[in-house]
Amino acid sequence: MNQNKLPARDYHARVCNPDDGVVIAITIMQPALEPGEDAPLILQGHGFGGARLQSRNELSIYEQLSGGILPSTEAARRAADAGYFVISFDQRGFGESGGRVEVMDPTIEGEDIRAILDWAEHDMAHRERLARRDGQIMVGGLGLSYGGGFQLIGACVDPRFTAIVPTAAWHDLTYSLAPDNVVKTAWGAALVALGVPTSGVRVDPRLYRALIEALMSPLTGRGLSAPISDWLYNSSPASLYDGTVARDGERVSSAERTTPTVDALLVQGVGDTLFNLNEAAANAQALTDAGNDVHMIAMQYGHSLPFLQDIERIAYQTDATLAWHGETVETAALELAYLDWKLKGIAPDPAFPRCMVVLDDATALTFDTLPTLASGHTTAFDFEGAAATGGIDLLLGLLRRQSLAHLWSLGRGAAANTTRAIVQLIRGRGQADGRDTGLLARLVNALPSDHLDELASGGTFIPLTDIDEGCAIAGLPHAVIDIGGNVRAPIAFLGIGVQRPGVSATLLLNKQVRPIRGSGLHEVELNGVAFRLQPGDTVGLLVYGYHPQYLSSFSPIGGHVDVSGRIDLPIVDVD
């Protein structure tokens, strides 16, 4: 038995990946332990372009830039004071770690994770105080975005993970970045902009190639090439769950790739335009099918694009608090409570629901499973309509729609919002803090994004149903859609919209759009949404021929698409 009292301290170390000699920089946050007391280990990773925590008393780079705490990072800081060993690390190619960014390759970054756990178990000071179960150290995970991806990949690579809390992570990067091979060029450019400077340009060249292919899409008529798609898929949890690797556009069975044995709390933003709710649902299904205990929280926000989404934070717009059983609870506290349950056996009270969907700051819905077509929680509607595609036809259509009075009103409103933000900045404190960053975010979004959608995209609203009593749409819509028209290779973008009395712009729910490439019959799962509906609302299908989230991914030849089919919407009661 360990008889000595262990003091809290933070210190730095280096871990060498034995496969290639790359050194990974880590911070160890050692807990204060009483004699005989041991502690589980938590591994914490940062987002793409970020860096590790230097100590439990400092904000991360992303928190300093975005203007406030990030829940998963705050949970790691608190864990160090709550009886956990916490290791925060610079992911390969970032911060003080060596190597180049390989975008979470299981055979490279996955081995970095294994090396860190080996070091903790065999070389870390006071490693004898690590808590064990059945002779194996107990490891939890925390992290956002890239820091969520390392947990899903790491748990597949190393069985020492007992419980993970990936926030805003991906399932399949080919879907994340190029659904139906229509590239999210706005996000592609943003990721390159984030990763290049903070890594010192130590990034796999395929990331640059992916962006170039995306920007060339209107000329080539296609999205990503097979080698790039293969690379993205192989750096995804989906590849490990499927037990396959992609080679030359084909999926080849691999006995080394398996679904992990690990319990998980998946935290995902319904308004996340990079890694949407569907990704968490796919991860949850795969992990559950493998016999794991899985819970999911669908928060309101996540990765957000300036201009295209109304944001209060420059970088990650994640929920600091959540509606929880009629109360407001810090997201960081919930994430730590989950790890307390799984790693320390402290039963949560109240219990974690299997699936929770946050509608707004005061309301959350709970389900046994996320509402989808498969779960039987949807209502079917038929639809038929048309929309302009790219090119000069779309531009002329947009100009015809916007009256001078409407444009003048929008300009005045944007100017007023800008003036208010600037005045608050001038009147602010001498030293910038998170509130100043929030004001900058509002300055960026002086023109509300709903109006920008209409100005830049020209979506066609096809009414589906009128709402006569309070309810919500929450879950994954499903569509069977036939696409025709006079365009040889059309690209259509689909979203769920709401027209509300007294609101001039059509609301694109949670800023979620799903592209479809090509004519003919398609069956697709549309992006997940969560929105409280009011009596008088009209819910409909929004069809775009272009959307700025996809920037340079559109049909360059002018024309129109005809759409018809059936859509199943997850419309649910609200208690």
How long is the span from the [atom1] atom in [X] to the [atom2] atom in [Y], to the nearest 0.5 Å?
X: Gln285; Y: Thr288; atom1: CD; atom2: OG1; value: 6.0 Å
X: Ile481; Y: Ile516; atom1: CD1; atom2: CD1; value: 4.5 Å
X: Ser217; Y: Arg517; atom1: OG; atom2: CZ; value: 5.0 Å
X: His171; Y: Ser239; atom1: NE2; atom2: OG; value: 10.0 Å
X: Leu508; Y: Phe531; atom1: CG; atom2: CZ; value: 10.5 Å
X: Asn527; Y: Leu476; atom1: CG; atom2: CG; value: 9.0 Å

I'd like to know if the side chain of [X] reaches the main chain of [Y], judged simply by a donor and an acceptor atom lying under 3.5 Å from each other, with no hydrogens or angles considered.
X: Ser304; Y: Gly302; answer: yes
X: Lys184; Y: Thr273; answer: yes
X: Asp272; Y: Leu274; answer: yes
X: Gln151; Y: Val165; answer: yes
X: Gln512; Y: Asn276; answer: no
X: Asn234; Y: Ala246; answer: yes
X: Asp482; Y: Ser564; answer: no
X: Thr174; Y: Tyr233; answer: no
X: Asp172; Y: Ala238; answer: no
X: Asn292; Y: Pro260; answer: yes

Indicate yes or no: at least one non-hydrogen side-chain atom of [X] is less than 4.5 angstrom from one of [Y].
X: Leu265; Y: Met296; value: no
X: Leu334; Y: Trp324; value: yes
X: Leu287; Y: Val294; value: yes
X: Pro237; Y: Cys156; value: no
X: Pro477; Y: Val529; value: yes
X: Ser254; Y: Thr244; value: no
X: Ile462; Y: Leu542; value: no
X: Glu335; Y: Val267; value: yes

Under a 3.5 Å cutoff, is there a donor and acceptor pairing between the side chains of Asn283 and Glu279? no
Just by distance, with hydrogens left out, do Asp180 and Tyr175 show a side-chain donor and acceptor under 3.5 Å apart? no
Start with the C-alpha distance between Asp293 and Phe352, add both sets of side-chain angles, then the distance that settles side chain to side chain contact (heavy atoms under 4.5 Å, CB included), and finish with yes or no. CA-CA 11 Å; Asp293 188 29; Phe352 277 84; over 6 Å; no
Minimum heavy-atom distance [X]-[Y], with the two atoms named:
X: Val157; Y: Gly110; answer: CG1-O, 3.7 Å
X: Leu277; Y: Gln268; answer: CA-CG, 4.1 Å
X: Val183; Y: Gly223; answer: CG2-CA, 4.1 Å
X: Val270; Y: Ala298; answer: CG2-CB, 3.8 Å
X: Gly141; Y: Leu339; answer: O-CD1, 4.2 Å
X: Leu224; Y: Ala178; answer: CD1-CB, 3.8 Å

Verify side-chain hydrogen bond (donor to acceptor under 3.5 Å, both in side chains) between Gln549 and Thr185, making sure each step is shown before the conclusion. CA-CA 7 Å; Gln549 287 184 26; Thr185 34; over 6 Å; no
Sequence neighbours left out, cut at 3.5 Å: what donor-acceptor pairs do the side chains of residues 363-386 make with other protein atoms?
unit_1 : atom_1 : unit_2 : atom_2 : d
Thr363 : OG1    : Asp360 : OD1    : 3.0
Thr363 : OG1    : Arg532 : NH2    : 2.6
Thr372 : OG1    : Ala374 : N      : 3.3
Thr372 : OG1    : Ser375 : N      : 3.2
Ser375 : OG     : Thr372 : N      : 2.8
Ser375 : OG     : Thr372 : O      : 3.0
Ser375 : OG     : His377 : ND1    : 3.0
His377 : ND1    : Ser375 : O      : 3.2

Given the ring of Tyr241, does Arg257 sit roughly above its face, with NZ or CZ under 6.0 Å from the centre of the six-membered ring and within 45° of the axis? no
Under the criterion side chain to side chain contact (heavy atoms under 4.5 Å, CB included), I'd like the reasoning laid out for Val262 against Thr162: C-alpha separation, chi angles, the key distance, then a yes or no. CA-CA 5 Å; Val262 65; Thr162 304; 5.8 Å; no
Selection residues 465-480 - residue pairs positive for side-chain hydrogen bond (donor to acceptor under 3.5 Å, both in side chains), sequence neighbours left out: Asp466-Thr538, His478-Glu523
Would you please indicate if the ring centroids of Phe493 and Tyr544 are separated by under 6.0 Å? no
Centroid-centroid under 6.0 Å between His547 and Tyr550 rings: no
Using a strict cut-off of less than 4.0 Å between a Lys/Arg side-chain nitrogen and an Asp/Glu carboxylate oxygen, indicate whether Arg206 and Asp230 qualify as a salt bridge. no
Could you tell me whether Arg500 and Asp537 have a side-chain N and a carboxylate O separated by less than 4.0 Å? yes
Side chain to side chain contact (heavy atoms under 4.5 Å, CB included) for Ile496 and Leu526? Distances and angles first, verdict last. CA-CA 9 Å; Ile496 306 301; Leu526 299 185; 4.1 Å; yes
Evaluate Trp231 against Leu173 for side chain to side chain contact (heavy atoms under 4.5 Å, CB included), listing each step before the verdict. CA-CA 9 Å; Trp231 171 58; Leu173 283 175; over 6 Å; no
side-chain hydrogen bond (donor to acceptor under 3.5 Å, both in side chains) between Glu330 and Thr321, intermediate numbers included: CA-CA 4 Å; Glu330 292 176 294; Thr321 61; over 6 Å; no
Checking side-chain hydrogen bond (donor to acceptor under 3.5 Å, both in side chains) for the pair Gln300/Asn510: CA distance, chi angles, key distance, verdict? CA-CA 8 Å; Gln300 295 179 79; Asn510 309 110; over 6 Å; no
Ring pair (Phe, Tyr, Trp, His ring centres under 6.0 Å) partners of residues 254-286, not counting sequence neighbours, each pair once: Trp170-Phe275, Phe275-His303
